[in-house]
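Shown next, in structure tokens, is the structure this report addresses.
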Number of protein chains: 2
Amino acid sequence: MNIKKLAKKLGLSITTVSRGLGGYSDVSETTRKKIIKFAKKYNYAPNPNASNLASRKTNTLGFVIPLYGLNSNKLNQASFFEFISGMSNKINSENIQFIMKFANTIEEEKKAYDNLIKVEKVNKVILHNLKKNDPRIKFLQKNKINFVGWGRTQGRINYPWVDLDNESSTNLIMQYLFDRNHRNIAFINVDEKYNFAYQRKQGYLKFLKKNKIKFKKENYISVAYENPDQVASVIEKKILKNSKITAIICSTEYSAAGAIKACNKANKKIGIDISLITFDGNVVNFITSPSLTAINHDRKVLGSKAIEILTSETKIKNNSYYLAKPEIIERGSVLTLKKSN
Amino acid sequence: MNIKKLAKKLGLSITTVSRGLGGYSDVSETTRKKIIKFAKKYNYAPNPNASNLASRKTNTLGFVIPLYGLNSNKLNQASFFEFISGMSNKINSENIQFIMKFANTIEEEKKAYDNLIKVEKVNKVILHNLKKNDPRIKFLQKNKINFVGWGRTQGRINYPWVDLDNESSTNLIMQYLFDRNHRNIAFINVDEKYNFAYQRKQGYLKFLKKNKIKFKKENYISVAYENPDQVASVIEKKILKNSKITAIICSTEYSAAGAIKACNKANKKIGIDISLITFDGNVVNFITSPSLTAINHDRKVLGSKAIEILTSETKIKNNSYYLAKPEIIERGSVLTLKKSN
DNA sequence: TTTAATTTCCAAAACGTTTTGGAAAACATT
DNA sequence: AATGTTTTCCAAAACGTTTTGGAAATTAAA
């Protein structure tokens with residue numbers, strides 16, 4: 001079934017059918033209803049190729065997945081799927097075409113964006129995996145492509161984005177531990193080149209400052225995405241050997257995995273000998289016992305908000321954003337200490 | 001840049017440029033080279049919409065991701081990404097369009113396939129998450145869509161597929177444990193409605209038969225994809241309480257996670273008090289210590305083979321397939337027992 | 001040298017839509 | 001009844017390709 005046949009069945013012109021389905025005001029309510037009825041009856045959907053071609057535009061969302069990041073950090077794959085789940089409902093109902101590209105290297109990633117814009121002519125992009133200062137933003141703006149950042153660059157922001165409230169997350173965690181009388185709190189982060197890691201550190205530092213606690217260099221480490229055993233060994237040496245530390249914050253599931261592995265080796269029992277609280281933890285908790293107290297964010301909402309911003313009727317404002325609020329989920333890995341002094 | 005402008009620059013007709021790029025024999029080698037040179041120079045790539053429309057066909061690969069499966073089993077997400085990684089290299093180089101759809105429910109999954117074929121008019125499909133007897137196969141065959149199964153249905157197969165050699169995997173594991181003098185081996189599987197689970201069980205049963213060991217009902221359980229703690233508790237009660245069992249085979253990372261959690265609770269040390277060997281284990285091993293001995297398959301190759309079959313010059317044969325051979329990776333979780341009697 | 005066969009090219013039609021620029025019909029106003 | 005407005009429709013052009021059915025040019029055969 002195509003529009004020509006459908007028009008014939010309706011006894012109308014192609015134009016009227018097209019405009020009727022498009023919701024234009026120059027087709028009467030009665031005929032529009034009839035058109036829609038027939039379209040459903042004959043299971044008609046416009047050919048996207050013809051439609052894109054004729055209208056000189058697309059309604060296509062492009063998304064480039066940095067496999068190089070996700071393959072080295074398998075524990076982060078879950079949050080990716082959550083985001084996608086949130087997106088997909090909206091995408092299906094809004095009838096957006098969705099093109100996904102996969103990049104095994106940074107070069108491939110660049111090529112993929114180029115291809116999306118130059119060849120596929122997408123008009124919407126989800127920009128993922130933002131660096132502190134990300135050249136792709138200028139590229140997209142120059143090409144006038146609507147996009148939403150999943151994550152943010154640093155400094156002044158002139159584009160729409162959705163993100164976790166990383167700074168208040170660490171702040172919340174610190175308060176939670178503080179209330180339970182922890183004063184020597186280690187923070188295991190990843191490289192600050194990842195903006196979320198930078199933000200999480202800021203929350204940690206600000207809390208210390210606000211509460212007039214001195215920042216101890218030896219309480220903060222950053223681990224690289226590498227072999228799990230190496231990560232564990234770094235944590236064991238630098239954190240677990242330091243007997244003053246009573247609680248550990250893990251900035252990622254990845255570092256939590258390392259910490260658990262390290263605790264196993266060092267024979268320190270989590271929730272008994274030492275307290276641990278992690279970001280996310282949804283994968284780790286499949287395995288580890290006791291289950292970890294964690295700070296959680298709803299990434300499904302992040303995904304659906306991103307699509308919402310991209311499809312909002314009015315022109316996308318450069319200051320639309322959505323900040324997911326964190327929530328602490330108490331499980332069995334944080335001790336309440338006796339008040340010292 | 002479009003073909004018209006490019007033709008003008010070349011001083012050739014549109015037809016010749018199109019056919020030159022298409023590799024037709026009715027354009028001379030010299031002009032073809034010139035055309036390709038100019039196309040590169042002016043960064044020309046055919047508009048896929050126009051191309052699809054004009055040629056009455058597409059070169060598009062459709063892939064429906066069953067989020068309902070992956071979200072409930074986060075530990076399986078890694079193998080999905082590996083498969084995708086394998087695909088993506090080939091896809092990028094072959095210049096295939098790639099449309100991905102996400103389904104949160106089985107109904108959505110059905111709709112997604114329908115949409116891919118009726119609306120997007122894809123000519124290739126990766127069929128994932130096959131049930132023992134899967135209605136989608138008939139649907140695709142009826143619509144004459146080229147597809148490759150990632151996984152297989154049961155019984156006689158009349159379509160191309162790529163899959164793990166599940167049966168010989170369990171066989172290999174059993175032999176490995178047998179050689180280390182284990183005779184009471186538990187097998188934790190998932191529901192046999194998943195064909196891979198069925199196949200893995202077959203390998204287990206066949207090994208027993210071949211070696212004249214009686215199948216013990218209490219050594220085999222199947223766990224559902226649900227709350228990790230419930231899984232752990234089932235394993236603790238049904239397997240760990242059975243003191244005769246010296247080794248456990250976990251059919252999925254998911255069940256391995258449950259087993260580890262259960263061992264923690266029961267205070268049984270893996271690799272000391274009990275042996276454990278798992279399928280995959282790439283995620284679990286980020287966390288668990290000692291690292292688990294595992295049986296591994298290269299899913300990247302699976303992905304690239306799937307694309308290879310779909311893009312092979314000759315018409316796709318219904319008996320092309322690729323069977324990934326397993327490999328045991330020794331780590332620290334399997335004991336060698338003393339020979340009894 | 002003429003004719004036949006082969007190679008190399010191209011004009012025009014087609015794909016299924018959207019959009020433009022009216023025309024006709026219906027309604028409202030004088 | 002005549003004119004102006006608004007509503008409702010449509011024919012035709014356009015989008016950027018591929019493909020068809022030759023035509024022209026070249027090469028081979030007679």
Side-chain angles (χ1 to χ4, degrees), chain A residues 1-39 42-60 95-97 115-123, chain B residues 1-39 42-60 95-97 115-123:
Chain A
M1 178 55 61
N2 60 24
I3 200 171
K4 206 172 161 184
K5 288 184 197 163
L6 189 66
K8 196 161 216 172
K9 294 230 184 249
L10 278 154
L12 288 168
S13 74
I14 290 176
T15 307
T16 304
V17 175
S18 171
R19 295 186 74 78
L21 292 170
Y24 286 82
S25 66
D26 63 355
V27 24
S28 73
E29 204 45 47
T30 35
T31 51
R32 189 215 311 302
K33 281 207 177 122
K34 204 174 149 200
I35 291 170
I36 289 171
K37 201 178 115 195
F38 271 60
Y42 292 104
N43 209 7
Y44 169 76
N47 178 323
N49 289 313
S51 166
N52 291 341
L53 190 61
S55 67
R56 270 139 277 218
K57 66 180 182 192
T58 64
N59 192 26
T60 310
N95 211 20
I96 300 169
Q97 279 186 84
N115 182 273
L116 280 179
I117 287 158
K118 299 279 170 60
V119 179
E120 304 285 357
K121 302 197 171 30
V122 303
N123 66 336
Chain B
M1 177 55 61
N2 59 23
I3 201 171
K4 206 171 161 185
K5 289 185 197 162
L6 189 67
K8 196 161 217 173
K9 295 229 184 251
L10 278 155
L12 288 168
S13 74
I14 290 176
T15 307
T16 305
V17 175
S18 172
R19 294 185 76 77
L21 291 170
Y24 285 82
S25 65
D26 63 355
V27 25
S28 73
E29 204 45 47
T30 36
T31 51
R32 188 214 313 301
K33 281 209 177 121
K34 204 175 150 200
I35 290 170
I36 289 171
K37 201 178 114 194
F38 272 59
Y42 292 104
N43 209 8
Y44 168 77
N47 178 323
N49 288 314
S51 166
N52 291 341
L53 190 60
S55 67
R56 270 138 276 214
K57 65 180 183 194
T58 65
N59 193 26
T60 310
N95 210 21
I96 301 169
Q97 280 186 83
N115 181 273
L116 281 178
I117 286 157
K118 299 280 169 60
V119 179
E120 304 285 357
K121 302 195 170 33
V122 304
N123 67 335

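What you see below is based on every heavy atom in this structure, not just the backbone, and it leaves out hydrogens, waters and symmetry mates. Chain letters run A, B, ... following the sequence lines, proteins first and then strands; every chain starts at 1.
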Among [options], which nucleotide has an atom closest to any side-chain atom of [X]?
{"X": "B/A54", "options": "D/dT18, C/dT18, C/dT8", "result": "D/dT18"}
{"X": "A/N47", "options": "C/dG16, C/dT18, C/dC9", "result": "C/dG16"}
{"X": "A/Y44", "options": "D/dT17, C/dT17, C/dC9", "result": "C/dT17"}

Reported [atom1]-to-[atom2] distance for the pair [X] and [Y], which is rounded to 0.5 angstrom:
{"X": "A/T60", "Y": "A/N123", "atom1": "OG1", "atom2": "CG", "answer": "6.0 Å"}
{"X": "B/Y44", "Y": "B/I35", "atom1": "OH", "atom2": "CD1", "answer": "11.0 Å"}
{"X": "A/R32", "Y": "A/L21", "atom1": "CZ", "atom2": "CG", "answer": "9.0 Å"}
{"X": "A/Q97", "Y": "A/N49", "atom1": "CD", "atom2": "CG", "answer": "7.5 Å"}
{"X": "B/Y42", "Y": "B/K37", "atom1": "OH", "atom2": "NZ", "answer": "10.0 Å"}
{"X": "B/L6", "Y": "B/I14", "atom1": "CG", "atom2": "CD1", "answer": "10.0 Å"}

[atom1] of [X] versus [atom2] of [N]: gap in Å, rounded?
{"X": "A/N49", "N": "D/dT18", "atom1": "CG", "atom2": "P", "answer": "12 Å"}
{"X": "B/R32", "N": "C/dT8", "atom1": "CZ", "atom2": "C1'", "answer": "12 Å"}
{"X": "A/R19", "N": "D/dC9", "atom1": "CZ", "atom2": "C1'", "answer": "10 Å"}
{"X": "A/I35", "N": "D/dT8", "atom1": "CD1", "atom2": "P", "answer": "12 Å"}
{"X": "A/K57", "N": "D/dG16", "atom1": "NZ", "atom2": "P", "answer": "15 Å"}
{"X": "B/D26", "N": "D/dA23", "atom1": "CG", "atom2": "P", "answer": "16 Å"}
{"X": "A/L53", "N": "D/dA13", "atom1": "CG", "atom2": "P", "answer": "17 Å"}
{"X": "A/L21", "N": "C/dT19", "atom1": "CG", "atom2": "P", "answer": "13 Å"}

**Request:** Answer yes or no: is there a donor N or O on one side and an acceptor on the other, between the side chain of B/S55 and the main chain of B/S51, under 3.5 Å?
**Result:** yes
**Asked** Under 3.5 Å, side chain of A/R56 to main-chain N/O of A/A54, donor-acceptor pair present?
**Response**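 Answer holds: yes.
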**Request:** Go through the steps for A/K34 and A/L10 under the test side-chain contact (heavy atoms from CB on, under 4.5 Å), then give the verdict.
**Result:** CA-CA 8 Å; A/K34 204 174 149 200; A/L10 278 154; 4.1 Å; yes
**Fill in**
Closest to the 5' end of DNA chain C, once B/R56 and B/S28 are matched to their nearest nucleotides, is B/S28
**Message:** Tell me the bend of the helix from C/dT1-D/dA30 to C/dT30-D/dA1 as the angle between end helix axes, each from five pairs, rounded to the nearest 10 degrees.
**Reply:** 40°
**Asked** Using a cut-off of less than 4.0 Å, is there contact between a side-chain N or O of B/S55 and OP1 or OP2 of D/dT19?
**Response**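 Answer is no, no contact under 4.0 Å.
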**Message:** Does D/dT18 have OP1 or OP2 under 4.0 Å away from a side-chain N or O of B/Y24?
**Reply:**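 No.
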**Message:** Among residues 1-18 of chain A, which ones have heavy-atom contacts with DNA chain D below 4.0 Å?
**Reply:** A/L12, A/S13, A/T15, A/T16
